[in-house]
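Within every chain, numbering begins at 1; the chains are lettered A, B, ... in the order of the sequence lines, protein sequences first and strands thereafter. Bear in mind that the values here come from a model prediction, so they are computed numbers and not experimental data.
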There are 2 protein chains.
Amino acid sequence: MARATVQDVARTAGVSVGTVSRVLNGSPAVSESSKEKVNEAIRQLSYRPLASARDLRRDRTMRVLALAKNLDSLVISEVFRGVGDAAADSGYVSLIAATAGDPEREQQLVDMLRNGSVDGLVLFSPTMSDEEVGAVAEQLSVVQVCEIVDAEAAFGVSIDDRQAAYDITRHLIDTGGRRLAMIGHRGARSGRLREAGFRQAVTDAGLAPDQVLFGEGSFGFHSGRALARKLLEAGHLPDAVFCGTDIVAAGCVRELTDAGLRVPDDIAVAGFDDSAQAEMCVPELTTVRQPAYEMGRVAFAELLERMTVPGAHRRGRTFLPYELVIRDSTRG
Amino acid sequence: MARATVQDVARTAGVSVGTVSRVLNGSPAVSESSKEKVNEAIRQLSYRPLASARDLRRDRTMRVLALAKNLDSLVISEVFRGVGDAAADSGYVSLIAATAGDPEREQQLVDMLRNGSVDGLVLFSPTMSDEEVGAVAEQLSVVQVCEIVDAEAAFGVSIDDRQAAYDITRHLIDTGGRRLAMIGHRGARSGRLREAGFRQAVTDAGLAPDQVLFGEGSFGFHSGRALARKLLEAGHLPDAVFCGTDIVAAGCVRELTDAGLRVPDDIAVAGFDDSAQAEMCVPELTTVRQPAYEMGRVAFAELLERMTVPGAHRRGRTFLPYELVIRDSTRG
DNA sequence: ACAACTTTTGGAATCGATTCCAAAGCTAGG
DNA sequence: CCTAGCTTTGGAATCGATTCCAAAAGTTGT
């Protein structure tokens, strides 16, 4: 039995296709009796309007796509949960896709916006160049979260990574840190901003940065361990380490602890993100709380404006407030 | 400037729409010169075929949807990475959506399959009843991963949760466990299977289960801590605990350690999943490795068969091999 | 009972890409 | 130079839902 169409429903209900469509879309110009007949026919045939036909006619899909390299970070899943909830509140469906860092896959997914498979795009960690992001954003509804390129037309939602890194570094200094090291990542813009904030805070305190190490590729627990090992092997040990993410900080703490050092007494460690890992770590991590869920909600709200208000090609970024969370991995 | 259509391209290139479409779809029946003219026109107009029109005509989308409650578990993100990679290999796009455990959202997303927004569905942790899953699977292309309902028509890919739980419990017994407790979750089918395996292993060893505790709702690190606290407060302490997931095991270990107990000397703890958390825990967790990525790949392969081979409504589940990973949280 | 409305209805046109059919344009062989 | 057999092309029909317009049905007041 093939799929039922609006024609089939009309025939079964003994009305015209126009009336069926009106019932389907809740138009008020339908009599009660027609409405009942149509609904009965729909039930009988278990009819569902075909999405592609509806989308073609209406010229919109009520779907948005959220794009990231991976989904293995808790920050991402929180951000996308926010996007999903906000989208649902406005009657949209939010779909998620991972590019796996493959430019070709990313291209194909961004094309879903170009070819009208979705109405808008939430971009988390693009692989493509700033110019490409800008070019897409110029024409279509795109909003960035967390990672925001500098392109003219691009815009998005994030915290002030630079300032947050400055603040947490300042905390390390205020609690006695003098030889400050950093374990970061330069692959993403946010990583470079955090590095800048770190360096500035150290310099402003009249100190010079100790070692500044960077991870490549997949930047996780094991990178944290490996880079902490480098710190240890370098001889003169820092007394405080700022890590670019919690998960790296967790790896760092683990390596230091295994080497017999006490955190925070011998060496203080700070993370970034306040992901669930921060609480699982022993000792629990001092970190910067990113309002991930809220960022997702706001990102969708801005995207919605872009999608619905005609010339609303707003620029610039929206900063959301962050918060220092002081726990046990730094000296109180 | 409005979106360019195939008509515009045809006009610009000085050919007919038929020819444009043939170029677009790589039909061999096009002369070199036409092909060039069309491609040039496409470039000029930066034309992209509209997805909804194409899908309507072709009656398929080359998209699949992967559905889960949340994306915050590393097992899920690995499974979906497998689905995504396998889909890409076959020219499909795999989209992911979270239901947030909301039946209405779930309904809406499953409707994307009914209304032809996607060609197939990978179901991870359905909220709907077994019958509903069965009803959808009867008509459309659905495959389940990890959690598999008993409905007739339903089928999917998982490990043998019951046997795996049996094996790891056996390991706890073989390494000296006599008073065996479990911290599990009954919300999901896999949780009940793991419980059954645990009970069977304990009984088969001529022992009786000590406490068996269950978490509700969001079942994570904090549940693990809370339930471990209950164990502690119950007075007579077990000497081995099997936890339904690694993250709960991590919470459990943390609570026990904070209470001054030594893991595994005073009490052994085993997890399940071999997610990244297992290695981050101190001591590192003995656990069962689920081949999450591979499960995703296999799930897509089975889905593909359902989508493309006409009457291929295969039933029953596919079991993938699991593996005990012995680490430091149990007595060696 | 009729005019002047309002509510409800049917049906054709439309969205944009694909595909099929018939026709036109070639090439080669005689 | 014509025909048989290719390749290439144009254009109409099609997919299924929506929407607009005109007409039919129904309501109200006098």
Side-chain angles (χ1 to χ4, degrees), chain A residues 1-39 41-42 45-63 91 111-119, chain B residues 1-39 41-42 45-63 91 111-119:
Chain A
M1 141 196 105
R3 150 181 284 289
T5 73
V6 74
Q7 307 278 351
D8 301 325
V9 175
R11 200 174 317 119
T12 306
V15 299
S16 74
V17 293
T19 302
V20 175
S21 180
R22 262 162 253 153
V23 171
L24 244 27
N25 295 288
S27 155
V30 188
S31 67
E32 272 309 313
S33 76
S34 297
K35 206 179 294 187
E36 275 170 33
K37 282 188 290 181
V38 169
N39 282 325
I42 288 177
L45 304 171
S46 48
Y47 165 78
R48 306 274 159 166
L50 191 72
S52 52
R54 185 169 25 71
D55 294 345
L56 170 60
R57 193 55 236 250
R58 289 214 183 128
D59 197 26
R60 66 188 171 142
T61 63
M62 299 303 277
R63 277 177 252 143
D111 266 352
M112 290 184 63
L113 182 59
R114 292 210 180 90
N115 72 22
S117 291
V118 295
D119 296 340
Chain B
M1 139 196 110
R3 153 181 282 290
T5 73
V6 74
Q7 308 279 351
D8 301 327
V9 175
R11 200 173 319 116
T12 307
V15 300
S16 74
V17 293
T19 301
V20 174
S21 181
R22 264 162 252 152
V23 172
L24 244 27
N25 295 288
S27 155
V30 188
S31 67
E32 271 310 312
S33 77
S34 297
K35 206 178 294 184
E36 274 169 35
K37 281 189 290 181
V38 169
N39 282 326
I42 288 176
L45 304 170
S46 48
Y47 164 77
R48 305 276 158 165
L50 191 71
S52 52
R54 186 171 22 72
D55 294 345
L56 171 60
R57 195 51 235 252
R58 289 216 183 126
D59 197 28
R60 68 190 169 138
T61 62
M62 298 304 276
R63 277 177 253 143
D111 266 353
M112 289 185 61
L113 182 58
R114 293 210 180 88
N115 72 23
S117 291
V118 295
D119 297 340

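The end-to-end axis angle of the helix from C:dA1-D:dT30 to C:dG30-D:dC1, rounded to 10 degrees and based on five pairs per end, is 40°.
Only B:L56, B:R57, listed by number, bring a heavy atom of residues 48-59 of chain B to less than 4.0 angstrom from any atom of DNA chain D. Non-hydrogen atoms lying under 4.0 Å from DNA chain D are contributed by B:P28, B:A29, B:V30, B:S31, B:S34, all within residues 28-36 of chain B.
Checking A:V20 against B:T19, the closest nucleotide of DNA chain D that is more toward the 5' end is the one next to B:T19.
Considering only residues two or more places apart in sequence or on other chains, A:S117 meets the side-chain hydrogen bond (donor to acceptor under 3.5 Å, both in side chains) condition with A:N115. Scanning for side-chain hydrogen bond (donor to acceptor under 3.5 Å, both in side chains) contacts around B:R63 gives B:D55, with sequence neighbours left out. Take B:D8 and apply the salt bridge (charged side-chain N to carboxylate O under 4.0 Å, His left out) test, not counting sequence neighbours, and it matches B:R11. Listed by chain and residue number, B:D111 satisfy the side-chain hydrogen bond (donor to acceptor under 3.5 Å, both in side chains) test with B:R114 (two or more places apart in sequence, or in another chain). Taking the side chain to side chain contact (heavy atoms under 4.5 Å, CB included) definition, one finds that B:A41 meets it with B:V9, B:T12, B:A13, sequence neighbours left out. Take B:V6 and apply the side chain to side chain contact (heavy atoms under 4.5 Å, CB included) test, not counting sequence neighbours, and it matches B:V17, B:V20, B:Y47.
Residue A:L56 holds its CG atom at 11.5 Å from CZ of A:R54, rounded to the nearest 0.5 Å.
In this structure, B:T5 reaches the sugar-phosphate backbone alone: every heavy-atom distance under 4.0 Å involves primed, P, OP1 or OP2 atoms, never a base.
A pairwise comparison of heavy atoms in B:V38 and B:T19 identifies CG2-CG2, 4.5 Å as the closest pair.
For DNA chain C, the outermost nucleotides in 5' to 3' order that have an atom under 4.0 Å from a heavy atom of chain A are C:dT8 to C:dG16.
The shortest distance between side-chain heavy atoms of B:R60 and B:M62 falls below 4.5 Å.
Residue pairs that meet the salt bridge (charged side-chain N to carboxylate O under 4.0 Å, His left out) test with at least one member in residues 12-27 of chain A, sequence neighbours left out, do not exist here.
A donor-acceptor contact shorter than 3.5 Å links the side chain of A:D119 to the backbone of A:T61.
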For residues 23-32 of chain A, please give each side-chain donor-acceptor pair under 3.5 Å, one per line with the distance, not counting sequence neighbours.
from, atom 1, to, atom 2, distance (Å)
A:N25, OD1, A:R58, NH2, 2.4
A:N25, ND2, A:S21, O, 2.8
A:N25, ND2, A:S21, OG, 3.4
A:S27, OG, A:A29, N, 3.2
A:S31, OG, A:S33, OG, 3.4
A:S31, OG, A:S34, N, 3.3
A:S31, OG, A:S34, OG, 3.0

